[in-house]
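Data first, discussion second: the structure below is written as structure tokens.
Keep in mind it's a predicted model, so treat the numbers as computed, not measured.
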Amino acid sequence: MRKFLFITCLTWALFCGHKGYAQSESTIAATGSGRQLLPVAGMQQDLLILRDAFKAIHPAYGLYTSGDRLQQRCDTTMEALRRPLTEDEFINTLYPFVSALKCGHTQIKHAVNYQPSLAYRMPQLPFQVLVQQGRAWVTTCRLTAIQTGDELLSINSVPVTDIIKHGGDLYAADGNNQTFKELFLSEYDGFEDACNKYYHWKPPYRITFRNRQGAIKTTVADTTGKSLQSAATEVDHYKGWSSAANTDYLPLRFLRHPSVACLEVHSYQYQDTLIFDKAFKDIQEKGAEYLIIDLRHNTGGDIRIAAKLLTYLADDPFQMVGDLWARVPDPGQTRFSAYFDSSGMESLFQSFRSTGIKKDNHYEMAFQPAFGDLLNKTGLDKRYHYNGQLIVLIDGATFSSGAHTAAVIKQNCRKAIFIGRETAGGSEGCSGGSIQQLTLPNTGVVIDFPMLRVVSVIRHPTYGRGIMPDYPVLLTPMDVVTKRDPDLEKALSIINSRK
């Protein structure tokens, strides 16, 4: 359920795109085992349809992976589709090809009529992990031989670096970013998925690890035993803070000495605008000298709401989106239109319109008047604008319009300080706008498919990477199990050093 909610958030359209998709008949052959298998011919045909759609209309095609390299991935995938597969197996086989496109808004979903077999269950690992910089440490665990903080070196003689690499291919990310994949492997069972879906391991597992004393040890572990746990006590990192009233799901907290406010902004919904007004009124009345905006795990939403937040923060009137374009003059009329849900396309054109202007091998798009023009200047809030020191917390799940927020702050808030980890969303922008659903006709598998390229306002982006923190912070396994917040601690340390 944790992973499902996270995937749902990440695939939410950047501009509140249509979420539905058309049902397509799938060609499925039943087996006597109760598991259904997809025919080889249908899977291969769907792979070629997806390849051609990427090549013809996907806005990320060729940006991070060359056409030749993507074709090589397609050929490798085709070779793997030589026998009937279950829908789960087909998706797992298809994902490395989709991931090679390097677009975090392009993800794979099950067919509408998918029903998992009750007899087919994936085993659970007897531990959870923290993945950082190509390494993995144990956090919670149900084994006595392994403790929080021990570093995993191999499982079943496979190096952990290989497990991380293949696990990272089971979900797509923007550009060359790794912090999102590390977070997915750590927090949303991605590491366990690699063991199950790529290696197809069953317990018991032979685990080699380095303990906290530096000794290398090996143990054989099953999944039975006590539940995942740690003896560590959770840290109350907001001890001493007071909470504002009436900010609902966007917590606003205050410290008196020094005068600090902290506002958590984890998504963008329509009712946020009322909360923002209340929050910045409170911030002004309390005279906060420092404001911490927490964009960690902000996976996006309606970018107009993000622009509203910036009206309280930017130094001057600002531009929210640097440019907007599509690969084709009319995204609603292509040879792939039959595979897309028509109501989704209608939703796209309620927010965007084609200008018909071709530039640099793509076609300029514009916002419909009713949506608002984020390609031009947005004015500042005149009542509750914040003029103090701004600190922004970011991480590997700051994505989509959350990452665009970080980019606009970087460009338009000269004194802003960034703390944490590289954003999941690219500093040069992302493919998004309105996320359509392409239903592969033979298998019924659905591809989240952005139609537009939403370019960042950053003047000198780092190609293929997200917004980088001024003060990078790495987590420790004990931070995870105790829920300690070293990002917030770093922010307060910087504030205290300026007193």
Backbone N/O of [Y] and side chain of [X]: donor-acceptor pair under 3.5 Å:
{"X": "S351", "Y": "L348", "value": "no"}
{"X": "Q368", "Y": "A370", "value": "no"}
{"X": "Y384", "Y": "A279", "value": "no"}
{"X": "S337", "Y": "T334", "value": "yes"}
{"X": "T161", "Y": "G134", "value": "no"}
{"X": "E428", "Y": "G464", "value": "yes"}
{"X": "K281", "Y": "R383", "value": "no"}
{"X": "E364", "Y": "G356", "value": "no"}
{"X": "S456", "Y": "S427", "value": "yes"}
{"X": "S401", "Y": "G301", "value": "yes"}

Could you tell me the separation between the [atom1] atom of [X] and the [atom2] atom of [Y], rounded to the nearest 0.5 Å?
{"X": "L152", "Y": "R210", "atom1": "CG", "atom2": "CZ", "value": "11.0 Å"}
{"X": "M478", "Y": "T148", "atom1": "CE", "atom2": "OG1", "value": "5.0 Å"}
{"X": "L274", "Y": "D248", "atom1": "CG", "atom2": "CG", "value": "11.0 Å"}
{"X": "T139", "Y": "D150", "atom1": "OG1", "atom2": "CG", "value": "11.5 Å"}
{"X": "R414", "Y": "L390", "atom1": "CZ", "atom2": "CG", "value": "12.5 Å"}
{"X": "R253", "Y": "T247", "atom1": "CZ", "atom2": "OG1", "value": "8.5 Å"}

Tell me whether the guanidinium CZ or amine NZ of [X] lies under 6.0 angstrom from the six-membered ring centre of [Y] and within 45° of its axis.
{"X": "R327", "Y": "Y363", "answer": "no"}
{"X": "R73", "Y": "F97", "answer": "no"}
{"X": "K55", "Y": "Y61", "answer": "no"}

Subject >> Given R484, K239, K483, the one that forms salt bridge (Lys or Arg N to Asp or Glu O under 4.0 Å) with E234 >> reply: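 Of the listed options, the one satisfying the test is K483.
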Within the structure provided, determine whether [X] and [Y] are in side-chain contact (heavy-atom separation under 4.5 Å).
{"X": "I409", "Y": "L310", "value": "yes"}
{"X": "C430", "Y": "D174", "value": "yes"}
{"X": "I275", "Y": "L252", "value": "no"}
{"X": "L475", "Y": "D485", "value": "no"}
{"X": "R304", "Y": "Y270", "value": "yes"}
{"X": "I303", "Y": "H404", "value": "yes"}
{"X": "W241", "Y": "L488", "value": "yes"}
{"X": "F254", "Y": "D282", "value": "yes"}

Decide whether [X] and [Y] meet the rule of one side-chain donor and one side-chain acceptor closer than 3.5 Å.
{"X": "Q437", "Y": "T439", "result": "no"}
{"X": "H58", "Y": "T106", "result": "yes"}
{"X": "D193", "Y": "N196", "result": "no"}
{"X": "Y268", "Y": "T405", "result": "yes"}
{"X": "Y249", "Y": "E264", "result": "no"}
{"X": "H362", "Y": "D360", "result": "no"}
{"X": "Q436", "Y": "S434", "result": "yes"}
{"X": "Q132", "Y": "R421", "result": "no"}
{"X": "E422", "Y": "T179", "result": "no"}
{"X": "D277", "Y": "Y312", "result": "yes"}

Search all heavy atoms of [X] against all heavy atoms of [Y] and return the closest pair with its distance.
{"X": "A261", "Y": "A288", "result": "CB-CB, 3.9 Å"}
{"X": "P258", "Y": "N496", "result": "CD-OD1, 3.7 Å"}
{"X": "V131", "Y": "S186", "result": "N-OG, 2.7 Å"}
{"X": "A403", "Y": "I467", "result": "O-CG1, 4.4 Å"}
{"X": "G300", "Y": "S400", "result": "CA-CB, 4.1 Å"}
{"X": "P59", "Y": "W325", "result": "O-CH2, 3.5 Å"}

Original post:
Passes salt bridge (Lys or Arg N to Asp or Glu O under 4.0 Å), D470 versus K410? Steps please.
Top reply: CA-CA 11 Å; D470 301 302; K410 193 84 169 177; 3.5 Å; yes
Original post:
Would Q128 and T140 count as a side chain to side chain donor-acceptor pair (under 3.5 Å) if you check the C-alpha gap in whole Å, the side-chain angles of each, and the deciding distance to 0.1 Å?
Top reply: CA-CA 5 Å; Q128 291 177 331; T140 52; 2.8 Å; yes
**OP:** Dump the intermediate steps for side chain to side chain contact (heavy atoms under 4.5 Å, CB included) on D294 and V265, then the final yes or no.
**Re:** CA-CA 6 Å; D294 189 351; V265 185; over 6 Å; no
For [X] and [Y], take the angle between the two ring planes, folded into 0 to 90°, and tell me which bin it lands in: parallel under 30, tilted 30 to 60, perpendicular over 60.
{"X": "H105", "Y": "F399", "result": "tilted"}
{"X": "Y171", "Y": "F184", "result": "parallel"}
{"X": "Y188", "Y": "H297", "result": "tilted"}
{"X": "F367", "Y": "F352", "result": "tilted"}
{"X": "F340", "Y": "F449", "result": "perpendicular"}

Original post:
Could you walk me through whether I394 and I419 pass the side chain to side chain contact (heavy atoms under 4.5 Å, CB included) check?
Top reply: CA-CA 6 Å; I394 54 176; I419 296 173; over 6 Å; no
**OP:** Take V260 and I495 through the side chain to side chain contact (heavy atoms under 4.5 Å, CB included) test and state the conclusion after the steps.
**Re:** CA-CA 9 Å; V260 182; I495 290 169; 4.0 Å; yes
Subject >> Pair R296 + D487: basic N to acidic O under 4.0 Å >> reply: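 Salt bridge flag = yes for D487 with R296.
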Original post:
So with a 6.0 Å cut-off around CG of D236, is the heavy-atom count from everything else above 12?
Top reply: yes
Original post:
For E285, does the CD atom sit with more than 12 other heavy atoms under 6.0 Å from it, leaving out its own atoms?
Top reply: yes
Subject >> R135 vs V160, side chain to side chain contact (heavy atoms under 4.5 Å, CB included): CA-CA, chis, key distance, verdict >> reply: CA-CA 7 Å; R135 300 165 69 183; V160 162; over 6 Å; no
